[in-house]
Structure formats: C-alpha cells, structure tokens
Amino acid sequence: MKIATWNVNSLKVRLPHLLQWLEANPVDVLCLQETKLTDDKFPVAEINSAGYQVAYTGQKTYNGVAILSKHPIRDVVKNNPRFEDAQQRIIAATIEGVRVVCAYIPNGQAVDSDKYVYKLAWLKALHEWLAAEMREHPQLALLGDYNIAPEDRDVHDPAEWEGKIHFSDKEKAAMAALVDLGMVDAFRMFEQPEKQYSWWDYRMMAFRRNRGLRIDHILLSTELARRCTACIIDREPRKWEQPSDHTPVVATLD
DNA sequence: ATGGCCCGTATGACGGGA
C-alpha cells in the first residue's frame, strides 16, 4: 500500500498534473492540500474516472484539502473537532484499516505575526486531538504540508533561515511534540540522498539551484511505521510546465 | 541585493503563499 501527500497549489490549475502523476504513480491514497475550490467545484468525475474515490472539504480562494483513495473511504471527519476554524485545513478518514489524517498546517507568514500565533494555537489543538485519535486508531498517518522544516538538513541554508518562519524554535518544538505522541518521520526512517526538499520558491530560480525546504511530511504511528519499507520525495512534477511549488512525498507500507 | 513568482479575486492591484 502506498500513501502520499501533495500540496497542489490550486487543483483547478493542477488537475492535469494530478492525473498525469497518478497515471505514473498509482498510489493507494493521496492527500491533497491547497485545492482552493469550493465543494461544488471539486472535480469529482475526473478523479473517479482515474480510479479514485475522494473525500474533500474546501472554500473559496484559500486552503482546501482532499483524500483520494483506490479503496473505500470510511468515517470521514472534516476539521479538528476541538478547534473552531473557518479555514478548511483538515480531513481525516479510515482506509484499509489505516486512519489517514490530511493536514494543511498554517503558513504563519512571519514569526510573531497574528498568523504565527494562529499557527501555534492550531498546532496545539492538532496535538490534543491527535493524542485522542491515536488511542482510537493505533495505525495512524499524518500526511500533509506542515509548513515546518524540522532539522538543519531540511533547509538549503540553515543559517539564512535561522529563526525565520518555517524554521523557528516554536514551530520545530510543535512538530517535535507531534513526534512525541509516538510518531516517526517516514522519510528519515531510511537513508536518503543529501539536500532533499519538498518545496522551492517560484522566484530566484530556486528549484534549479535546489534552494528548497522539506516541509511536506508523512508521520506514522509506531505501529504503522513497522509496516513502512520506503519513503521518497518525487521531484519530477516540479520540472513540469506550470508546476506546483510543492512536490509529492510517498510512503510504502507492507 | 529585504525583490524577483504564482494563484485567485467582481482583477488591471492586492493579499497570501513560503
């Protein structure tokens, strides 16, 4: 079973990319972030035609998340029941016995901004909800755009990013707290090439220069991590015409 | 080099992203 995550930065623009990627990478489960579509505009028919069922929750202009699956999708929950939030950033479902939580964690914009305060409060509420969710579902995966680079090796230039948004101590601590619930960063379970990132700025030829951040992650509960045999970042779609600024992350489970 | 690009929006400028 393969599970994956991809921030598509507008599903309207990126639907052809999504279908092309799924054709070459027929994963069992794919979590999407930043669909930027109200539910009435979600491309259900196109996704069904590609062989996937789908659950989604969106809004106009911003945010929006979805879970695509080749298998039945059960017990869908939209948003964190412990956190009142107008922004559509979470969708969870049970697929083949695995609790799949798809999250678009807030960007935060700048350290100490209102959006940063919201990001940290949002992460605290996520932690509280996941603690309960993990007790109920020992096989749980948290996939998504975390907007946090956990370690120096996840940043092209740690000195340049030190203390900045995505790489501040409080954000790193919030991600470490999620790990402390009993989760493992699937990507770091395995030996990886150096300088692997999941996002590159559209500006400054950042992709060509590999000036990126690893901010899209798959955390696996201990029980699920035992089944994990591989985890990779697929840079290919970042090379395509009109790409998303993020690229997919894929984990393989036995 | 404190900017650059991309997306959506009752658009022709701006907020947000990261």
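Below, chain A is the first sequence line, B the second, and so on; all start at residue 1. When reading the values below, keep in mind they use all heavy atoms of this one structure, side chains included, and skip hydrogens, waters and symmetry mates. Computed from a predicted structure; not experimentally measured.
Nucleic acid contact class of R14(A) (heavy atoms, under 4.0 Å, all strands): sugar-phosphate only. In this structure, D216(A) reaches neither bases nor backbone, as no heavy-atom distance under 4.0 Å exists between it and the strands shown. Y104(A) comes within 4.0 angstrom of the backbone, heavy atoms only, and of no base.
Residue N9(A) places no side-chain N or O under 4.0 Å from the OP1 or OP2 atom of dC7(B). Between Q242(A) and the phosphate of dC7(B), there is a side-chain N or O to OP1/OP2 separation shorter than 4.0 Å. Between K60(A) and dG8(B) there is no side-chain N or O to OP1 or OP2 distance below 4.0 Å. Contact annotation: N63(A) side-chain N/O to dG16(B) OP1/OP2 distance is not under 4.0 Å. Phosphate contact (OP1/OP2 of dA18(B), side-chain N/O of N107(A), threshold under 4.0 Å): present. Within the structure, every side-chain polar atom (N or O) of R203(A) is placed at least 4.0 Å from both OP1 and OP2 of dA18(B). OP1 or OP2 of dG16(B) has not a single side-chain nitrogen or oxygen of Y118(A) nearer than 4.0 Å.
For the pair S10(A) and L213(A), nearest-nucleotide mapping onto DNA chain B gives the more 5' position to S10(A). Between H246(A) and P243(A), the residue anchored closer to the 5' end of DNA chain B is P243(A), taking for each the nucleotide with the nearest heavy atom.
Atom CD of E171(A) is separated from atom C1' of dA18(B) by 11 Å (rounded to the nearest Å). One atom, CD1 of I165(A), and another, P of dG17(B), lie 10 Å apart when rounded to the nearest Å.
Going from the C1' atom of dC6(B) to that of dT11(B) covers 15 Å, rounded to whole Å. Between dA1(B) and dG15(B), the two C1' atoms lie 24 Å apart (nearest whole Å). Taking the P atom of each, dG4(B) and dT9(B) are spaced 22 Å apart, rounded to whole Å. Comparing dT2(B) with dA13(B), their P atoms are spaced 24 Å from each other, to the whole Å. Nucleotides dC14(B) and dA18(B) place their P atoms 22 Å apart, quoted to the nearest Å. To the nearest whole angstrom, the two C1' atoms, one in dC7(B) and one in dG12(B), are 15 Å apart.
From D145(A), atom CG reaches atom CD of Q33(A) across 6.0 Å, with rounding to the nearest 0.5 Å. Between the CZ atom of R235(A) and the OH atom of Y197(A) there is a distance of 9.5 Å, given to the nearest 0.5 Å.
With distances taken from any side-chain atom of K115(A) to the nucleotides dG8(B), dG16(B), dC6(B), the minimum falls on dG16(B). Comparing dT9(B), dA18(B), dC6(B) against the side chain of T61(A) picks out dT9(B) as the nearest.
Open room surrounds CG on D114(A); 12 or fewer heavy atoms of other groups in view lie less than 6.0 Å from it.
Neither L130(A) nor I3(A) shares a network with the other; the hydrophobic side chains, linked directly or stepwise wherever heavy atoms of I, L, V, M, F, W or Y lie under 4.5 Å apart, form separate groups for each. A chain of hydrophobic side-chain contacts below 4.5 Å, direct or via other Ile, Leu, Val, Met, Phe, Trp or Tyr residues, connects L22(A) to Y56(A).
The base of dA18(B) is not paired with the side chain of N147(A) by any donor and acceptor separated by under 3.5 Å.
No hydrogens or angles considered: a donor-acceptor pair under 3.5 Å links the side chains of W161(A) and H156(A).
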